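Data first, discussion second: the structure below is written as structure tokens.
Note that the coordinates shown come from a computational prediction; the quantities given were computed from them, not determined experimentally. For the numbers below, each heavy atom of this structure counts, side chains included, while hydrogens, waters and symmetry mates do not.
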Amino acid sequence: RVMTETPPVLPPELRSAVLDDLRPVKPLPSPQRRALMAAPIVVGVLLMPLAYHRMRDTSELGVMLSWVPVALQVFLAFGLLVIALREGIPGWRVSTRQIFGFVLAAYSLQIVVNLLIFMQMPMDGGGAGAFAMWMSCFGVETLIGLPILVLIAWMVSRALPSRPLLAGFLAGTGAGFAAEASWRMFCAYSDPGHVLLGHTGGILILGLTGFLLGYVWSIYQDRSATA
């Protein structure tokens, strides 16, 4: 015969206090919907260079080496941002293999397109002022990507990311690819060294920044849980 214990009865005052404290929780929109909500801000940030720069001449490149690769890269960037948002919802995570494939595809597109642009329209990276031009593109691209990174990281933190370092990395990398796609239409230099340091380098730095943000957030959450 199995003996069962009678569960303790809550005092009426405690039960009343618990019931009074209950509030309905607003369901979190899907990652795709949250990305669409952020899209106007992201697009506005990507168009910021129009306020103080003139777009490069793309007549020699044609649509297939200018606007089409930019559209594809922005699409991949938004895909990475959606995956970052999925990391915030348990049960919605994407497998590591799929994430690796997505990141590899984005980097491959960015590198191959810039090499094709150099072959079609070679432009030296500044000569004696190469370092200054590299720093300029690196800085501008980072400034374009940072608001996107901060926005997506904030949206992820509002949920419950179980892999915050990966979520931050994806947010930063997605922001970096979007920023590079935007800035490529303004920077006329196609020298591989300039592109690698000033453009691809910006993507890497934004990805690292997102990773560090995720690390800081995880430390904060651990301390809050043990407080």
Side-chain angles (χ1 to χ4, degrees), residues 35-81 84 106-107 109-118 120-155 168 170-210 212-213:
L36 288 175
M37 291 166 61
I41 298 177
V42 173
V43 172
V45 170
L46 296 179
L47 294 177
M48 282 196 310
L50 284 172
Y52 51 89
H53 278 282
R54 187 174 62 180
M55 295 184 65
R56 67 185 295 178
D57 182 13
T58 60
S59 57
E60 293 186 35
L61 296 177
V63 176
M64 296 305 296
L65 276 181
S66 55
W67 291 107
V68 170
V70 165
L72 288 175
Q73 190 166 313
V74 170
F75 175 79
L76 288 175
F78 265 93
L80 288 170
L81 297 179
Y107 269 110
L109 175 66
Q110 191 263 339
I111 292 172
V112 169
V113 166
N114 278 292
L115 286 176
L116 291 175
I117 290 175
F118 177 71
Q120 179 71 22
M121 192 176 173
M123 182 68 70
D124 184 66
F131 180 76
M133 292 306 303
W134 165 61
M135 287 298 295
S136 175
C137 284
F138 180 84
V140 171
E141 187 176 311
T142 303
L143 288 175
I144 296 173
L146 271 177
I148 302 174
L149 166 58
V150 171
L151 173 63
I152 300 300
W154 175 78
M155 295 178 75
L170 290 169
T173 303
F177 279 115
E180 199 277 334
S182 170
W183 185 240
R184 189 194 309 152
M185 298 304 294
F186 295 89
C187 175
Y189 299 110
S190 58
D191 176 71
H194 172 82
V195 171
L196 179 64
L197 296 174
H199 292 234
T200 309
I203 300 172
L204 292 170
I205 286 297
L206 284 164
L208 177 61
T209 303
L212 293 176
L213 283 176

Checklist entry - When you look at Asn114 and Leu196, which way does the side chain to side chain contact (heavy atoms under 4.5 Å, CB included) test go after all the steps? => result CA-CA 9 Å; Asn114 278 292; Leu196 179 64; over 6 Å; no
Next on the checklist: Please determine whether side chain to side chain contact (heavy atoms under 4.5 Å, CB included) holds for the pair Thr173 and Leu206, giving the CA-CA distance in whole Å, both sets of side-chain angles, and the decisive distance to 0.1 Å.
Outcome noted: CA-CA 6 Å; Thr173 303; Leu206 284 164; over 6 Å; no
Checklist entry - Can you list the steps and then say if Leu80 with Phe177 is a side chain to side chain contact (heavy atoms under 4.5 Å, CB included)? => result CA-CA 9 Å; Leu80 288 170; Phe177 279 115; 3.9 Å; yes
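Side-chain contact between Leu197 and Phe138 is absent, with no heavy atoms from C-beta onward closer than 4.5 Å. The shortest side-chain heavy-atom distance between Leu50 and Met55 falls under the 4.5 Å cut-off. With a 4.5 Å cut-off on side-chain heavy atoms, Val42 and Phe78 count as touching. Side chains of Leu109 and Leu76 form a contact here, defined as non-hydrogen atoms less than 4.5 Å apart. Trp134 has its side chain out of reach of Tyr189: every pair of non-hydrogen atoms, C-beta onward, lies at least 4.5 Å apart. In this structure, Ile117 and Arg56 have side chains that are in contact, with non-hydrogen atoms separated by less than 4.5 Å. Here the side chains of Thr142 and Thr209 are not in contact, with every heavy-atom distance at 4.5 Å or above. Met185 is listed as a side-chain neighbour of Trp67, based on a closest heavy-atom distance under 4.5 Å.
Closest approach of Ile148 and Ala178 over heavy atoms only: CD1-CB, 4.4 Å. Heavy atoms only, all atoms of each residue included: Thr200 and Tyr107 are closest at CG2-CE2, 4.0 Å. The shortest heavy-atom contact between Leu81 and Leu170 is CD2-O, 4.4 Å. When all heavy atoms of Val63 and Pro69 are compared, the closest pair comes out as O-CD, 3.9 Å. Between Cys137 and His194, the shortest heavy-atom contact is SG-NE2, 3.3 Å. When all heavy atoms of Gly174 and Ala77 are compared, the closest pair comes out as O-CB, 3.3 Å.
With rounding to the nearest 0.5 Å, the separation of CD in Glu180 from CG in Leu46 is 11.5 Å. Within the model, atoms CZ of Arg54 and CZ of Phe186 stand 11.5 Å from one another, a figure rounded to the nearest 0.5 Å. To the nearest 0.5 Å, the span separating CG on Leu208 from CD1 on Ile203 amounts to 14.0 Å. Separation of atoms CG (Leu213) and CG (Leu149) is listed at 5.5 Å; rounding is to 0.5 Å.
Looking at Ser66, its side chain does come within 3.5 Å of a backbone N or O of Gly62 through a donor-acceptor pair. A donor-acceptor pair under 3.5 Å is formed between the side chain of Ser190 and the backbone N or O of Met123.
The side chain to side chain donor-acceptor pair (under 3.5 Å) with Arg184 is formed by just one residue from the set Glu141, His199, Gln73, Gln110; it is Gln73.
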